[in-house]
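First the structure, in the form of structure tokens, and then the observations on it.
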Amino acid sequence: MKETILALLTAALDALKERGTLPADVAPDIKIEATKDKAHGDYATNLALMLSKPAGLKPRELAQALIDALPESQAISQVDIAGPGFINFFANTEAAAEIIRTVLDEGERFGHNTQGNDEAVQVEFVSANPTGPLHVGHGRGAAIGDSLCRLLAVNGYDVTREFYYNDAGAQIDNLALSVAARVKGLEPSDPAWPQDGYRGEYIKDVARAYLNGETVKAGDRETTAKGDRDDIQAIREFAVAYLRREQDLDLRAFGVEFDVYFLESSLYRDGKVEATVERLIDNGYTYESDGALWLKTTEFGDDKDRVMRKREGGYTYFLPDVAYHHDKWNRGFKTVINEQGADHHSTITRVRAGLQALETGIPEGFPEYVLHQMVLVTRSGVEVKISKRAGSYVTLRDLIDEVGRDATRYFLIARAATSQMTFDIDLARSQTNDNPVYYIQYAHARVCSVLRKAEREGVQFDQARGLAQLSLLTEEREKDLMNRLAAYPELIARAARAREPYQVAQYLQELAGEFHSYYNAVKVMVEDDALRDARLTLGVAVRQVLANGLGILGVSAPEEM
RNA sequence: GCGCCUAUAGCUCAACCGGAUAGAGCAACGGCCUUCUAAGCCGUAGGUUGCAGGUUCGAGUCCUGCUGGGCGUGCCA
């Protein structure tokens with residue numbers, strides 16, 4: 001419908017240019033939007049407002065001239081000028097109903113597009129250190145990252161999901177020391193307990209498994225515990241494998257799987273860290289000071305230079321990060337999106353600066369970032385502290401177990417990543433209708449329910465007959481639903497461009513709301529076969545779009561509740 | 001101090017590249033189940049969009065300054 005209006009307006013513009021009403025060189029970006037208020041018709045454009053200056057006409061006069069120049073169309077029943085000069089279009093109901101045919105023809109592919117042109121895009125998300133169970137913040141990252149991947153895929157991108165394990169840094173040393181202490185029977189309260197050691201109970205579990213000689217499988221490797229209390233290297237390897245496995249299990253339970261698990265240690269093993277350092281030195285962007293090697297990140301917009309090789313010889317985290325992102329680029333990804341917590345935002349400037357300093361033709365904005373803000377968890381109205389080091393925090397596993405996978409995912413994704421959010425455990429786990437995910441799922445189940453009822457009562461539902469009778473759908477709420485369905489494809493495109501999967505959740509809530517409203521106001525199972533089939537057909541189309549959208553969120557679409 | 005994010009109804013959040021009367025849910029109040037699942041619907045009430053300027057035909061949205069909150073500002077990640 002929008003395309004139709006766009007074509008009409010383009011034709012009108014050309015006519016006015018020919019007539020000299022408009023300068024020939026104006027090439028406006030014609031914006032057509034769905035109206036918020038039905039009094040303004042179904043679609044509106046501000047074209048006359050935008051062009052009033054170059055045309056030298058008052059907006060309303062120009063609007064009238066545009067309307068006069070519009071070609072005839074069956075799809076439009078009425079065109080008005082309103083307000084300061086908006087042009088409002090009223091869609092012909094029969095033409096609007098064509099969207100139902102489109103939805104049913106395209107099925108689960110409805111809303112897909114080829115925007116991405118099969119471009120390879122990599123999304124890195126979660127990337128938790130293997131030093132403890134995933135917490136709710138990782139859950140938010142997992143939900144947003146995974147949905148973003150699904151969203152990009154339906155927009156025609158070839159998506160790779162990647163998880164980066166920092167398995168080589170100081171925090172892993174700390175983990176090994178903590179497990180070693182537990183292996184020796186120490187408690188965090190003990191004076192000999194390592195400084196800044198991980199105090200969580202899970203460390204005890206790791207130690208016990210290590211002493212028991214357990215074998216754990218993480219990624220494509222199996223690691224068997226040596227059981228030797230003094231072999232810190234063996235303890236380290238086992239602890240990392242153990243916690244990686246834990247995280248993998250949690251993610252799987254959350255419906256999130258990765259294509260690539262990338263280990264930081266492999267960058268050292270393959271010499272990529274060294275190669276990166278050498279190249280940075282060769283390019284003249286480094287200097288020694290205080291016994292450390294610095295990178296001149298200030299030449300690329302940072303507010304101070306950063307240490308890349310410590311006085312004691314090891315590298316800071318950001319150097320392997322640069323090597324890692326260079327590797328992503330070398331793997332052929334021109335678009336890389338990193339989804340991570342906003343507490344890591346300071347890495348953005350550094351990583352990009354390091355990549356620029358390599359001078360290998362990587363664009364300045366590489367990689368892209370989607371940052372999510374903190375999640376505040378409350379229980380009984382009291383904040384639950386999230387602190388990995390303190391060991392007391394709400395894990396993703398807790399949430400999945402208590403709240404359920406669907407509700408947890410929906411809850412974590414339904415808000416813009418930039419907004420700090422409160423995860424109220426009591427609210428989210430309550431079995432009442434407080435959680436909006438049920439609202440959407442229920443709309444889907446309702447359509448299924450009506451179809452079951454039709455079958456139970458021996459009423460033949462004939463979709464072909466329904467499609468032939470779409471002109472019977474004359475109720476205002478039916479038109480609302482059609483317009484809403486018609487808006488889905490552009491929503492999908494817009495959400496992908498903005499890297500904002502939460503928009504899909506927003507849309508689904510609106511669609512479900514309009515369906516529930518319709519369902520209560522208009523009876524579907526009427527005597528009239530043709531009308532009943534037409535309404536059932538509309539219902540099936542709504543169900544299809546709900547299912548498609550829920551699929552992008554990674555939330556199930558149940559047939560009954 | 002500096003950098004990033006943020007401030008919208010009592011609470012949690014929306015508002016599509018700047019558009020028309022700022023919308024939902026929860027909480028409150030009043031209605032709707034002998035009719036397709038009431039996990040639903042209908043209605044009432046609730047707002048100086050943190051404050052002050054500016055740009056614009058038009059600002060919650062863009063710019064500047066201020067105030068409050070979060071995060072960062074490690075030779076941690």
Exercise. Which label fits B:rC33, syn or anti, where anti is any glycosidic angle not within 90° of 0?
Worked result: syn
For this session: Determine yes or no for a side-chain-to-main-chain donor-acceptor pair under 3.5 angstrom, with A:N88 supplying the side chain and A:I81 the backbone.
Result: no
Identify the pairs formed between an N or O of the protein and an N or O of nucleotides 1-5 of chain B at a distance under 3.5 Å, and give each distance.
residue : atom : partner : partner atom : Å
B:rG3   : N2   : A:H345  : NE2          : 2.8
B:rC5   : O2'  : A:Q373  : NE2          : 3.0
B:rC5   : O2'  : A:T418  : O            : 3.2

Seminar exercise, completed: Separation of B:rC75 atom P from A:Y287 atom OH, nearest Å, is 11 Å
Exercise. What is the ring orientation for A:H135 with A:H138, classed by angle as parallel under 30°, tilted 30 to 60°, or perpendicular over 60°?
Worked result: parallel
For this session: Check the distance between B:rA22's P and A:E510's CD and give it to me in whole angstrom.
Result: 17 Å
Problem set entry | Out of B:rU73, B:rC16, B:rC36, whichever nucleotide has its closest atom nearest the side chain of A:R350 | B:rU73
Exercise. Is the number of heavy atoms from other residues, nucleotides or ligands within 6.0 Å of CD (A:E457) greater than 12?
Worked result: yes
For this session: For RNA chain B, determine which residues of residues 517-531 of chain A have any heavy atom closer than 4.0 angstrom to one of its atoms, and list them numerically.
Result: A:S517, A:Y519, A:N520, A:V522, A:K523, A:V524, A:M525
For this session: Could you state the atom-to-atom distance from CD of A:Q441 to P of B:rA38 in whole Å?
Result: 17 Å
Seminar exercise, completed: Rounded to whole Å, CD1 of A:I413 lies from C1' of B:rC13 at a distance of 15 Å
Seminar exercise, completed: Whole-Å distance, A:E514 CD to B:rC42 C1', equals 16 Å
For this session: Under 4.0 Å between any heavy atoms, over every strand shown, what does A:H40 touch: base, sugar-phosphate, or nothing? Just pick one.
Result: base
For this session: Please determine, for the side chain of A:R415, which listed nucleotide (B:rU12, B:rG19, B:rA77) has the closest atom?
Result: B:rU12
Exercise. Between atom CG in A:L508 and atom C1' in B:rG25, what is the gap in whole Å?
Worked result: 15 Å
For this session: Could you tell me whether A:A342 contacts a base, only the sugar-phosphate backbone, or nothing, with contacts defined as non-hydrogen atoms closer than 4.0 Å?
Result: sugar-phosphate
For this session: State plainly whether the residues A:R306 and A:D303 are in salt-bridge range, i.e. N to O under 4.0 Å.
Result: yes
Problem set entry | Exercise: identify the closest heavy-atom pair between A:Q247 and A:G132 | NE2-O, 2.9 Å
Problem set entry | Any A:Y439 side-chain nitrogen or oxygen under 4.0 Å from OP1 or OP2 of B:rC41 | yes
Exercise. Do A:Y324 and A:Y164 have their ring centres less than 6.0 Å from each other?
Worked result: yes
Exercise. Across the strands shown, which category fits A:A34 at heavy-atom distances under 4.0 angstrom: base, sugar-phosphate, nothing?
Worked result: base
Problem set entry | Sugar-phosphate, base or nothing in reach of A:A443, heavy atoms under 4.0 Å | nothing
Exercise. Is the distance between the ring centroids of A:H516 and A:Y439 under 6.0 Å?
Worked result: yes
For this session: List in chain and number order the residues that pass side-chain contact (heavy atoms from CB on, under 4.5 Å) with A:F300, two or more places apart in sequence or in another chain; answer none if no residue qualifies.
Result: A:Y285, A:A353, A:Q356, A:A357
Exercise. Which part of the nucleic acid, if any, lies within reach of A:A416 when heavy atoms closer than 4.0 Å are counted: base, sugar-phosphate only, or nothing?
Worked result: sugar-phosphate
Problem set entry | Candidates B:rA14, B:rG19, B:rG72 - which lies nearest the side chain of A:Y502 | B:rA14
For this session: Check for a donor-acceptor pair, side chain of A:S147 on one end and backbone N or O of A:I144 on the other, with a separation under 3.5 Å.
Result: no
For this session: Quote, to the nearest angstrom, the P distance that separates B:rA15 from B:rU8.
Result: 14 Å
Exercise. Sub-3.5 Å donor-acceptor pair from the side chain of A:R140 to the main-chain atoms of A:Q373, do we have one?
Worked result: yes
For this session: Identify whether any heavy atom of A:D290 sits under 4.0 Å from a base atom; if not, whether one sits that close to sugar-phosphate; answer base, sugar-phosphate or nothing.
Result: base
Considering only nitrogen or oxygen atoms on both sides, find all protein atoms under 3.5 Å from nucleotides 54-57 of chain B and state each distance.
residue : atom : partner : partner atom : Å
B:rC57  : OP1  : A:K53   : NZ           : 3.0

For this session: For A:F318 and for A:R456, find the nucleotide of RNA chain B with the closest heavy atom, then tell me which residue's nucleotide is more 5'.
Result: A:R456
For this session: Specify the glycosidic conformation (syn or anti) of B:rC17, with syn defined as within 90° of 0.
Result: syn
Problem set entry | Integer angstrom distance from the C1' of B:rG31 to that of B:rA22 | 27 Å
Exercise. Any Lys/Arg nitrogen of A:D529 or A:R532 sitting under 4.0 Å from an Asp/Glu carboxylate oxygen of the other?
Worked result: yes
Exercise. What is the nucleic acid contact for A:R446, judged by heavy atoms within less than 4.0 Å: base, sugar-phosphate only, or nothing?
Worked result: sugar-phosphate
Exercise. For the pair made of OH in A:Y438 and C1' in B:rA24, what is the distance, rounded to whole Å?
Worked result: 20 Å
For this session: Return the nearest nucleotide to the side chain of A:N88; candidates are B:rA20, B:rA15, B:rC71.
Result: B:rA20
Problem set entry | P-based separation of B:rG3 from B:rG65 [nearest Å] | 9 Å
For this session: Quick one: sort the A:Y261 and A:Y165 rings into parallel, tilted or perpendicular, breaks at 30° and 60°.
Result: parallel
For this session: Report the nucleotide, chosen from B:rA14, B:rG70, B:rA39, that has the shortest atom-to-atom distance to any side-chain atom of A:M374.
Result: B:rG70
For this session: Quote, to the nearest angstrom, the C1' distance that separates B:rG60 from B:rA7.
Result: 11 Å
Exercise. Expressed as a whole number of Å, how far does the P atom of B:rC26 sit from that of B:rG40?
Worked result: 7 Å
Exercise. Rounding to the closest angstrom, what is the interatomic distance between B:rG25 and B:rA45 at atom P?
Worked result: 15 Å
Problem set entry | Nearest-angstrom distance from the residue atom CZ of A:R306 to C1' of B:rC75 | 12 Å
Problem set entry | Polar side-chain atom of A:R494 near backbone of A:E500 as donor-acceptor pair, under 3.5 Å | no
Seminar exercise, completed: Output row for RNA chain B, stems defined as at least 3 consecutive Watson-Crick or G-U pairs under 3.5 Å, is B:1-7 with B:67-73, B:10-13 with B:23-26, B:28-32 with B:40-44, B:50-54 with B:62-66
Problem set entry | Non-neighbouring partners of A:T298 that pass side-chain contact (heavy atoms from CB on, under 4.5 Å), sequence neighbours left out | A:D305
Exercise. When all nucleic acid strands are considered with a 4.0 Å heavy-atom cut-off, which category describes A:R452: base, sugar-phosphate, or nothing?
Worked result: base
Exercise. Picking from A:E478, A:E475, A:E476, what satisfies side-chain hydrogen bond (donor to acceptor under 3.5 Å, both in side chains) with A:Y518?
Worked result: A:E478
Exercise. Picking from B:rG40, B:rA15, B:rU21, which would you name as closest to the side chain of A:K36?
Worked result: B:rA15
Exercise. Distance between the C1' atoms of B:rG58 and B:rC17, in whole angstroms?
Worked result: 15 Å
For this session: Mark yes or no: A:R415 above the aromatic ring of A:F411, with NZ or CZ under 6.0 Å from the six-membered ring centre and no more than 45 degrees from the axis.
Result: yes
For this session: Count the heavy atoms belonging to other residues, nucleotides or ligands that lie under 6.0 Å from CD of A:E455, then report whether that count exceeds 12.
Result: no
Exercise. Is there aromatic stacking of A:F86 against B:rA20, centre distance under 5.5 Å, plane angle under 30°?
Worked result: yes
Problem set entry | Inter-nucleotide P distance (B:rG43, B:rC62), Å rounded | 33 Å
For this session: Classify the nucleic acid contact of A:M421 as base, sugar-phosphate or nothing, counting any heavy atom under 4.0 Å across all strands shown.
Result: sugar-phosphate
For this session: Give the ring-plane orientation class for A:Y369 versus A:H325, where under 30° counts as parallel, over 60° as perpendicular and anything between as tilted.
Result: tilted
